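Below is one structure; the comments refer to it alone.
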Amino acid sequence: MLGLPETTSVALFDLDGVLTSTAVLHRSAWKQAFDAFLSERDPENYVEFTEQDYLDYVDGRPRDDGVRAFLHSRGLDDVPEQTMAAIGADKNDLFVATLEGQGVDPYPGSVRYLEAARDAGLRIAVVTSSKNGAAVLDAADLTKFVEVRVDGLAVAAQGLRGKPAPDSFLLGAELMGVAPAQAAVFEDAISGVAAAVAGEFGYVVAIDRVGGSQADAMRSAGASVVVNDLDELLPA
């Protein structure tokens, strides 16, 4: 009834873009932070940070990894670590300010799916690269669904590799007491889909909130199924 294999006992949900609309806030904050840096570094040759840059280099990754990957894509490998950390800190300040000022809404289809999953006895965890995972879950009133949370703070504290490495999802499965084959992963980022595939999880649900070629890219990355909203997996 949940659109998953019968062997699935645990669901591991990414947060931003899967359960909540905060991916839009993250993208906006990244754009402001990167554009400020790029325009100041080289005003004459300034090329703005784009939505495709966000999808290709930042989406789903830990903050520091996203900064490094994007700057590398622009050939800016000489940027000092201190400056990269400052870009990430600026982005986080912008995100938190927007979160506190505007709040955050969960996707209605995701809430319906979480309710159905809970009622069906499927155990639920959240695995996110964001260090603001607890605040986002609380703001969206979703904490009540979540048995285990693995977030960016846990990834950093335990020295785990960020997505597209499978480490955070593997930790989520471990904390839930199941093998990866018994868990389904729900992701909206290509890096997250790749992480779930690398971890050999039993089923990978990709949520395409972008359109265009994103669905094809998700399938190419190994998604088991691609949907536009989680409630598409529920019976009509």
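Computed over heavy atoms, backbone and side chain alike; hydrogens, waters and symmetry mates excluded. One-based numbering along the sequence shown. Given the structure is predicted, the values throughout are model-derived calculations rather than measurements.
- Checking side-chain atoms of Thr8 against main-chain N and O of Leu4 turns up no donor-acceptor pair under 3.5 Å.
- With hydrogens and angles ignored, the 3.5 Å screen pairs a side-chain donor or acceptor of Asp151 with a backbone N or O of Ala154.
- Atoms CD1 and OH, on Ile124 and Tyr113 in that order, are 9.0 Å from each other to the nearest 0.5 Å.
- In this structure, the separation between CD on Glu51 and OG on Ser28 is 11.5 Å, given to the nearest 0.5 Å.
- Counting only distance, with no hydrogens or angles, the side chain of Asp167 and the backbone of Arg161 share a donor-acceptor pair below 3.5 Å.
- Atom CG of Asp59 and atom CG of Asp16 lie 9.0 Å apart (nearest 0.5 Å).
- Side-chain atoms of Arg74 come within 3.5 Å of backbone N or O of Val47 as a donor-acceptor pair.
- The side chain to side chain donor-acceptor pair (under 3.5 Å) analysis of residues 182-202, with sequence neighbours excluded, yields the pairs Lys163-Glu187.
- Residue pairs that meet the side chain to side chain donor-acceptor pair (under 3.5 Å) test with at least one member in residues 116-130, sequence neighbours left out, are Arg123-Glu147.
- The distance from atom CG of Leu153 to atom NZ of Lys131, rounded to the nearest 0.5 Å, is 6.5 Å.
- Annotation: cation-pi geometry satisfied between Lys91 and Phe95 (NZ/CZ under 6.0 angstrom from ring centroid, within 45° of ring axis).
- Ring-plane geometry between Tyr54 and Phe49 is classed as perpendicular, the angle between the planes exceeding 60 degrees on a 0 to 90 degree scale with a lower cut at 30.
- With contacts defined as side-chain heavy-atom distances shorter than 4.5 Å, the pair Trp30/Val67 qualifies.
- No side-chain heavy atom of Asp42 sits under 4.5 Å from any side-chain heavy atom of Phe37.
- Listed by chain and number, the residues in a ring-ring contact (aromatic ring centres under 6.0 Å, His included) with Tyr203 amount to none (sequence neighbours excluded).
- Once rounded to the nearest 0.5 Å, the distance linking CG of Asn92 with NE2 of His26 reads 8.5 Å.
- No continuous path of hydrophobic side-chain contacts links Ile190 to Val205 [ILVMFWY only; heavy atoms under 4.5 Å].
- Contact check for Arg149 versus Leu15: no side-chain heavy atoms found under the 4.5 Å cut-off.
- At distances below 3.5 Å, not a single donor-acceptor pair connects side-chain atoms of Thr83 with backbone N or O atoms of Val79.
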Donor-acceptor contacts, no H, no angles, side chain residues 227-236, under 3.5 Å, sequence neighbours left out:
from, atom 1, to, atom 2, distance (Å)
Asp229, OD1, Arg209, NH1, 3.4
Asp231, OD2, Arg112, NE, 3.1
Asp231, OD2, Arg112, NH2, 2.6
Glu232, OE1, Asn228, N, 3.4
Glu232, OE2, Asn228, N, 3.2
Glu232, OE2, Asp229, N, 3.3

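- In this structure, the side chain of Thr50 engages the main chain of Asp53 through a donor-acceptor pair within 3.5 Å.
- In this structure Phe145 satisfies the ring-ring contact (aromatic ring centres under 6.0 Å, His included) test with no other residue, sequence neighbours excluded.
- Using a 4.5 Å cut-off on side-chain heavy atoms (C-beta onward), Leu71 and Tyr57 make no contact.
- If you take CG on Leu76 and CZ on Phe34, they are separated by 10.0 Å, rounding to the nearest 0.5 Å.
- In the hydrophobic clustering, where aliphatic and aromatic side chains (Ile, Leu, Val, Met, Phe, Trp, Tyr) are joined below 4.5 Å either directly or transitively, Leu170 groups with Val10, Leu12, Val127, Val148, Val150, Val155, Leu160, Phe169, Leu171, Leu175, Met176, Val178, Val185, Phe201.
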